[in-house]
Amino acid sequence: MPLVTCNYEARRRGLHKLQLITEAKKICPDVIIVLGEELGRFRDASKLLYKYLESFTSSGKVERLGFDEVWMDVTDMVDWNQGLLNTHDLTNSFFHLNKNDPTIGFSYDATTIAGHSFPNTITRDDPTNTPLPSQFSDPKDDLSTRLILGSHIAQYLRLGLEENQGYTSTVGISTNKLLSKLVGNLNKPKGQTTLLPPYTDSPDSLPNPEVEATNNVQLFLDPHEIGKIPGIGCKISQKLRNHILSRPAAFSTGLIYGPTEDPISVHDVRTSPSLNPAFLESLLSGPGSHRGTGLKIWNLVHGIDDSEVQQVKKVPTQISIEDSYIRLNTLSEVRKELTALTTTLLKRMHIDLLTDNAWLAHPKTIRLSTRPRPPLGADGTRTRSFTRISRSAPLPSYVFTLKDDVDSIAEKLVTSTLIPMFKYLHPQPSGWDLSLMNVAVTNMVEVSTEKGRDIKSLFSRKREWDVVDRDVPPDDVEEMEDVVDSVQHNVSHSLQPDTETENPVELRQQGSEDLILPLSQNSEEGWDDDGEEEVEGREGCVVCGAMIPRFAMDAHGRWHVMEG
DNA sequence: AAGCTATAG
DNA sequence: ATTTCTATAGCTT
């Protein structure tokens, strides 16, 4: 069995992710192995840190990636402070954190980058290094000034994180998400790195393809293995390697850890003949590829990333719980595990979607995914496959009840919804073995907080919803095209009003919350039908969660409207 | 709406 | 980060 992950101290002693435990024990006999995981505390810490950072922004542009990474768009802060600089005394500058209160902020030296830099010319952390390039003392050099400001706000936030929250951190500072994430890797742990200008080749260098780029973006990016670029995963990087090599690239056959195959660098890709967005688009097209992938990849190898730092989201798009199993091949075991998963899921829903005993959002859909263990081949070897299969169904609204305890709701959900979904997914009563099960709720519909107006629309008549439904074509959703830079440009922020998730959609679900499964799947296959999919005569009120007979729901809704 | 792929930590 | 346990975006049907 491998180490799924390990801390920095373990890495310092020579251990790494996905290393065999036996191997790890040889290298480091006193290694402490923790079996299983308990993600709750990580989730809590993540939220806390996230909120802390958010409190410094006015834009709310703080985007989380996993539990422990975050992008922060500090363009506003940089704009403001750049305008306040006193060019005659840059060494004694004051960084303002609040537009209304000029006393809030910190002192800094606006002639120097804080922390490390790429290329490594730098200053504070390493005083033996050569002085900064001359453009750094020139406040008219817009990008240089802005990166200096970015480096100081980063340092301030890092120190605050450590002093106030007790966490050390690593930061990268640049003009977009791609570059800031990658440059942050250079000084781990607890270091910060700024990608220095120039970001473009000087205008007097000839536009000659023979001449190599001299700008720092390309100097920094070019040596990276293509698969190390965020957004270029194993599928795309393998296709790119195959193309550059004109043969199938060696794929890592190592059972546990295949660090490198046929390494191909960003430089190799970027300078490959006839490499343009249209060519990449056709090279990378195929199942699972997105429209515009060609341009996106071309942009990435040129250091261009126009993706916006996302704003804080009040509710997650999905909550899912999963577990993996050595052996799971009987329905009673499945039922037991589903109940455990569902109980955890409901608790997570309470934590993430419930504030002051009121639901922030109602997920409309429940999904059950499994990963069947592939059967043994003729030679006794297993063809490893990690593909999942899934079924979705409307989420019954009784899960939003706050009166019943979580365990009884979980039991009801398992019996009436998840077990039938499972039988749909696995029509044979036996002969399967699952290595994983996942239960997820998705399709969040935010519950507006303006009670009266909201409740009225929640209980408006069904005919209106049908009209709305027909009048709105399914592909009506606007695509957001925002431009963000971390410190360089002004943000062009075009928030589209979120009009597509109106309450009528949610209410339409009310009448169809029972699981609907194709009859052929249900009756022709081997499961005994034990009448688990009973039709409920009542349904949960979307406002208070109470179970109300269907015929009385309208009146119940009018009561809510009057209560306000 | 449902099912799946690709990518991320 | 291909073995775990999540999460998001966007494709096809």
Side-chain angles (χ1 to χ4, degrees), chain A residues 1-6 16-21 34-40 42-43 46 63-71 177-178 181 185 227-239 251-259 261 284-293 296-297 300 307 310 313 315-326 341 344-345 348 352 364-371 373 382-395 421 424-425 435-444 469 474-475 477 479-480 505 508-509 512 516-518:
Chain A
M1 293 295 275
L3 302 174
V4 171
T5 191
C6 58
H16 55 80
K17 293 174 180 176
L18 297 184
Q19 186 169 40
L20 282 172
I21 287 179
V34 179
L35 294 176
E37 81 294 315
E38 205 282 281
L39 295 179
F42 286 101
R43 205 162 357 241
S46 178
E63 179 181 348
R64 189 153 52 143
L65 183 61
F67 285 164
D68 64 348
E69 283 191 38
V70 65
W71 280 289
K177 285 164 64 174
L178 166 74
K181 177 169 165 57
N185 291 333
K228 290 285 194 326
I229 304 304
I232 303 182
C234 57
K235 301 288 180 180
I236 290 176
S237 59
Q238 201 63 7
K239 281 182 181 176
F251 64 127
S252 54
T253 69
L255 193 66
I256 291 300
Y257 193 66
E261 309 76 39
L284 303 175
S285 68
S289 67
H290 299 162
R291 198 166 37 244
T293 297
K296 195 187 124 188
I297 301 303
L300 289 180
S307 64
Q310 301 287 119
K313 286 197 202 87
V315 296
T317 14
Q318 156 187 324
I319 302 172
S320 74
I321 303 291
E322 70 186 35
D323 208 346
S324 53
Y325 307 94
I326 305 289
L341 289 173
T344 313
L345 180 64
R348 276 288 307 285
D352 291 351
K364 288 193 302 180
T365 307
I366 183 166
R367 184 179 63 226
L368 172 65
S369 310
T370 66
R371 188 178 65 194
R373 203 184 302 283
R382 243 182 243 287
T383 48
R384 288 193 300 162
S385 149
F386 305 103
T387 44
R388 298 168 177 214
I389 50 178
S390 67
R391 292 294 177 265
S392 308
L395 179 67
M421 289 169 79
Y424 181 22
L425 211 44
S435 60
L436 176 139
M437 286 203 300
N438 174 302
V439 183
V441 288
T442 64
N443 233 330
M444 300 288 174
D469 191 34
D475 56 348
V477 183
E479 193 163 315
M480 267 201 251
V505 179
R508 209 155 27 77
Q509 283 302 121
S512 62
I516 298 166
L517 302 174

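No hydrogens, no waters, no symmetry mates; every other heavy atom, side chains included, goes into these values. Below, chain A is the first sequence line, B the second, and so on; all start at residue 1. Everything quoted here is computed from the prediction, not taken from an experiment.
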**Report entry** Nucleotide nearest A/L65 (side chain, heavy atoms from C-beta), chosen from B/dA2, C/dT6, B/dG9
**Finding:** B/dG9
Query raised in the report: Does A/E322 pair with A/R388 as a salt bridge, N-O distance under 4.0 Å?
Result: yes
Requested in this report: Give the rounded distance in Å between these two atoms: CD1 of A/I366 and P of B/dG3.
Outcome: 13 Å
Requested in this report: Select from A/F67 and A/C234 the residue whose nearest nucleotide in DNA chain C is closer to the 5' end of that strand.
Outcome: A/C234
Query raised in the report: With sugar-phosphate meaning primed atoms plus P, OP1 and OP2, does A/L436 contact a base, only sugar-phosphate, or nothing at under 4.0 Å between heavy atoms?
Result: nothing
Query - Phosphate-side-chain proximity, A/S324 and C/dC5, N/O vs OP1/OP2 below 4.0 Å - result: yes
Requested in this report: Nearest whole angstrom, please: distance from the C1' of B/dA1 to the CG of A/L395.
Outcome: 15 Å
Query raised in the report: For A/S392 and B/dA1, is the shortest distance between a side-chain N/O and OP1 or OP2 below 4.0 Å?
Result: no
Query raised in the report: Which value, in whole Å, describes the distance between the C1' atoms of nucleotides C/dT4 and B/dG3?
Result: 23 Å
Requested in this report: Mind calculating the distance between CG (A/L284) and P (C/dG10) to the nearest angstrom?
Outcome: 17 Å
Query - Protein-nucleotide distance (A/Q310, atom CD; C/dG10, atom C1'), rounded to Å - result: 14 Å
Query raised in the report: Is A/R371 near enough to C/dT4 that one of its side-chain N or O atoms lies under 4.0 angstrom from OP1 or OP2?
Result: yes
Query raised in the report: Given B/dA8, is OP1 or OP2 found less than 4.0 Å from the side-chain N or O atoms of A/K181?
Result: no
Report summary line: note: A/R367, atom CZ; C/dT6, atom C1'; distance rounded to Å ~ 11 Å
**Report entry** Sub-4.5 Å side-chain heavy-atom contact between A/V315 and A/D352
**Finding:** no
Query raised in the report: Starting at the 5' end of DNA chain C and moving along, which residue's nearest nucleotide shows up first, A/P316 or A/G292?
Result: A/P316
Query raised in the report: Using a cut-off of 4.0 Å on non-hydrogen atoms, how would the nucleic acid contact of A/I229 be classed: base, sugar-phosphate, or nothing?
Result: sugar-phosphate
Query - Side chain proximity check, A/R64 to A/K313, heavy atoms < 4.5 angstrom - result: no
Report task. Could you check if a side-chain atom of A/N185 sits within less than 4.5 angstrom of a side-chain atom of A/K228, using non-hydrogen atoms only? Result -> no
Query raised in the report: Nearest to the side chain of A/K313, which nucleotide is it out of C/dA9, B/dA6, C/dT6?
Result: C/dA9
Query raised in the report: What integer distance in Å separates A/D323:CG from C/dC5:P?
Result: 5 Å
Query raised in the report: When A/V439 is tested against each of A/D323, A/I366, A/T344 for side chain to side chain contact (heavy atoms under 4.5 Å, CB included), which residue passes?
Result: A/I366
Query - Integer-rounded Å distance: B/dA8 P and A/Q318 CD - result: 18 Å
Requested in this report: Classify the nucleic acid contact of A/N438 as base, sugar-phosphate or nothing, counting any heavy atom under 4.0 Å across all strands shown.
Outcome: nothing
Report summary line: Side-chain contact check for A/K364: nearest option of B/dT7, B/dA1, B/dG3 is B/dA1
Report task. Using only side-chain N and O atoms of A/S320, determine if any of them is under 4.0 Å from OP1 or OP2 of C/dT6. Result -> no
Report task. Examine B/dC4: is either OP1 or OP2 under 4.0 Å from a nitrogen or oxygen in the side chain of A/S390? Give yes or no. Result -> yes
Query - Set of residues satisfying side chain to side chain contact (heavy atoms under 4.5 Å, CB included) with respect to A/T365, sequence neighbours excluded - result: A/S392, A/T442, A/N443
Query raised in the report: Choosing from C/dT6, B/dG3, C/dA7, which nucleotide comes nearest the side chain of A/Y424?
Result: B/dG3
Report task. Quick one: label A/R388 by what it contacts on the DNA or RNA (base, sugar-phosphate, nothing), any heavy atom closer than 4.0 Å. Result -> base
Query raised in the report: With a 3.5 Å cut-off and no angle check, do the side chains of A/R371 and A/S435 form a donor-acceptor pair?
Result: yes
Query raised in the report: Between A/R64 and C/dA7, is there a side-chain N or O to OP1/OP2 distance below 4.0 Å?
Result: no
Query raised in the report: At under 4.0 Å between heavy atoms, what does A/E69 touch on the DNA or RNA strands: base, sugar-phosphate, or nothing?
Result: sugar-phosphate
Report summary line: When rounded to whole Å, the CZ to P distance for the pair A/R43 and C/dT4 reads 17 Å
